[in-house]
Asker: 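Can you keep this structure in mind? I'll have questions shortly.
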Amino acid sequence: MKKINTANGQDLREMFAAATTWLEKNAVDIDALNVFPVPDGDTGTNMLLTMRSVIDEAYRAPDRSASAVSQAMAKGALMGARGNSGVILSQIYRGLAEGLADKESFSGKDLATALLQSSILAYKGLSQPVEGTILTVIKDTAAAAQSQAGGAQNDLISVIEASVDAASESVANTPKLLAVLRDAGVVDAGGQGLYTILEGALHYLKGEMEQIQLRKPQIIVSDVHPTKLPEMIADEEVPYGYCTEFMLKGEKLNPDKIRAKLEKKGESLIVVGDESTVRIHIHTLEPGNVIRYVTSLGTMHRVNIRNMDEQHQDYVEMQKERMPEIDVAIVAVASGDGLAEVFKSLGAAAIVPGGQTMNPSTKDIFQAVETVPSDKFIILPNNKNIVATAQQVQSLTEKKIKVVPTETIPQGVATLLAFDYEADFETNARLMNQAKATVKSVEITRATRSTKIGGLDIKKKQAIGLLDGKLIAAGKDPTDVLNQVLAKLNLDEAEVITIYYGANTKPEEAKAASTQIQAQHPQLQIEVVHGGQPHYNYIVSVE
Amino acid sequence: MTVKIVTDSVCDFPHGVAKELGISVVPLNVRFGDEVYRDGIDMTAEEFYRRLQYDKILPVTSVPTPATFAEIYDKVAEETDEILAIMLTSKLSGTYQVAVQSVGLMKRKCRVEVIDSGLAVMAQGMVVITAARAAQAGASFDEVMDITRRNLKRADMRAAFDTLEYLRRGGRIGAAQAFLGSVLKINPIIMLKDGVVQPAGKERSWSKIIDYLTRFVTSHSCIEEMAIEDAMCPDDAELLAERVSPHFPKERIFRSKTGPVIGTHTGPHTLVVSVLGDK
């Protein structure tokens, strides 16, 4: 077998130039895989354009040392990074450059070290790293390279070969880690792109230029089958506002500080770079605020602001044709991945993210209504403060809208269960309205300020319990308060208790609470469900 | 000569009803591995559900052989020259097809008409019963056909389960597929519509299921016949019978056990109510 012990900067450049050619051949296929983070279908193209910038810059390197070429490539990646995947790719190249700094040429072991650095930086660039994406793939790849380099067969080809194998396996595994991929039955597009790049580099090192010319990279197929039709994905990751990308140049820039500052201004935030150049990617409703802030730090370059609602609209239009007409569609407002899943699995056609402190606008609900191919809608606001907003939707649309004024999540679930598949629109609205009263809602949260209510002396941040919206208990911890509230209900007459635990509550705590209730009331059917809702430790329905 | 009625074993008739009304029942088969049992003949419902829960091998069902059909047709033809065969929904079973084909295998000469009921369980059973009663009362073939066709439109049913797993495994789940994947534990309620399984409702406890089924019964303005059958939940069946008794005399309700063939697709703990009447 062919062995290469070391390679120089020129080899490095040619490796990735070949990889770019290789990637070009399936960029369109990779675009088709894109379901995360927003369904705009351009991951392959973004990665390809980023790679072109990498190679352009590589030719401008001052000499042929691995150090100089990798630095140039990193610069090219940072300048040309497009989209989420492009930005992460730029972190990977920056890691390579750091790993290969001061090296004339590099060995398998050097490359493994550099890949590890790439992996670390890729994770660092994101405020909320998500597994099952290109991040996981670079992490697995780096780990495989490390272990190969530590063994007897540690020449460059062997190390890359091990990396490519690991990448392939890691890509195939992405649907197991990320629900949106599993639901769509695809592998992660960014991960696939990275795999293709590494495979292209390997072909070059092995001297298989004919392969690159005559053959085409394969999209890795996952053995995980889609659980839902792809149209269900559109509202899972809710794109909104403007996709804002630019490069910030200045002096003594601090990416960590910039990231912290921008974190609350939008979603899908990526901040990468160094003291002099920082690349920023953010989905925000108000790009003006972002621009105002960054221009106080330095100058903006390569500014690209796109309206994502437009992009999303195109996507929705495309999906609409594939969706069957629904007779009566239900739109529910809920926050938390678990609660959204509960509503969907019970047949809600769309979920509008929102709830306490995050009330959606009438437009948000209206947009959900517009995306679902139906003429008749029942809206479940699931919050007292959203009922009025939901009722306004009718004024925006010709479609028939009925609002069942649910004020809590348990009420929403109870009404959804009452949906009669045979009954007409009016009857269903009536049945669902009646079902609202069949459930008691318990909500456990923390007090936002100190107060006195109904004889209760409540301190700020203390756990408090509400029964059907009325504050009736306070105590040391959420579980204790939950028990206090439940003690006020006649549980001997209840049948089913469902505990939805929040984003900040550990499943074990919820399980323990359930065990305790079960011990006292053995006749109850108790279910503990991940709600993922913010603010509320527990939302409990008693039926 | 009186018209004779032939049907299949998925009617889940109460004991003695078929004999009393002169109805011939063609058994479907249920098979555990290589052991084949004729529905309602070789294996009791109790024995079946015991095996369904504890046997390592899962049962499968199969249609009657053409020979079985032809033999039964010929036997019936000894007493009549007009047979009306009412079969379970052709969308869920090949029994109707076999029933039609088998007519050509008969040795005796006899008119045989085969009807696809689009139904199963006692919803089908009650249509068969009313046809047999009319035949016994001396109705002509055309009259029996008319009554049957009319009643097929008036028969409706709801079935509630603990799980849809058995229905899914047997490939009969249809649009009730929508119930799968629910995050919350739900008891699905299904109906037969246009001959296939359709979702009807979902509840979270058996007491709510009883409420639902009671509402289904009372939504009828006129009830001619009613049947309640259960698989291993006689208490729930009894409770439902009590609850609907203000609307229909309890002693007139047909009570039976869901047989092995239906049970293969519904699993233990199934409650079925069928109504022949008008909304």
Asker: Heavy-atom distances under 4.5 Å only: say whether B/Ile186 touches chain A with side chain, backbone, both or neither.
Answerer: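 Just its side chain gets close to chain A.
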
Asker: The criterion is side chain to side chain contact (heavy atoms under 4.5 Å, CB included); which residues satisfy it with B/Glu46, sequence neighbours excluded?
Answerer: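 If we apply the side chain to side chain contact (heavy atoms under 4.5 Å, CB included) test to B/Glu46, skipping adjacent residues, the hits are B/Thr44, B/Lys257.
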
Asker: How far apart are the closest heavy atoms of A/Glu527 and B/Val183, and which atoms are they?
Answerer: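 Minimum heavy-atom contact is OE2-O, 3.6 Å.
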
Asker: If you count the non-hydrogen atoms of other residues, nucleotides and ligands that lie under 6.0 Å from CG in A/Asn504, is the total more than 12?
Answerer: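 No - once you tally the heavy atoms of other residues, nucleotides and ligands closer than 6.0 Å, there are 12 at most.
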
Asker: To the nearest 0.5 Å, how far apart are CZ in A/Phe343 and CG in B/Leu184?
Answerer: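 Spacing of CZ (A/Phe343) from CG (B/Leu184) equals 9.0 Å.
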
Asker: Enumerate by number any residue of residues 204-212 of chain B whose heavy atoms lie under 4.5 Å from heavy atoms of chain A; in the absence of such residues, state 'none'.
Answerer: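 Under the 4.5 Å heavy-atom cut-off, B/Arg204, B/Ser205, B/Ser207, B/Lys208 qualify.
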
Asker: With respect to chain B, which residue among A/Glu543, A/His530, A/Gln525 yields the maximal number of heavy-atom pairs within a distance under 4.5 Å?
Answerer: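 The answer is A/Glu543.
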
Asker: Enumerate by number any residue of residues 505-520 of chain A whose heavy atoms lie under 4.5 Å from heavy atoms of chain B; in the absence of such residues, state 'none'.
Answerer: none

Asker: Name all pairs fulfilling the side-chain hydrogen bond (donor to acceptor under 3.5 Å, both in side chains) condition that reach into residues 183-196 of chain B, sequence neighbours left out, sorted by first residue then second.
Answerer: B/Asp162-B/Asn187

Asker: Could you walk me through whether B/Lys202 and A/Leu346 satisfy the side chain to side chain contact (heavy atoms under 4.5 Å, CB included) test, starting with their C-alpha distance in whole Å, then the side-chain angles of each, then the deciding distance to 0.1 Å, before giving a yes or no?
Answerer: CA-CA 9 Å; B/Lys202 42 195 180 303; A/Leu346 292 175; 4.2 Å; yes

Asker: Got a sec: does the NZ of B/Lys56 have more than 12 other heavy atoms crowding it under 6.0 Å?
Answerer: no

Asker: Considering residues, nucleotides and ligands other than B/Gln53, do more than 12 of their heavy atoms fall under 6.0 Å from its CD?
Answerer: yes

Asker: With a 4.5 angstrom heavy-atom cut-off, is it the side chain or the backbone of A/Val342 that approaches chain B, or both, or neither?
Answerer: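 Its backbone and side chain both get close to chain B.
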
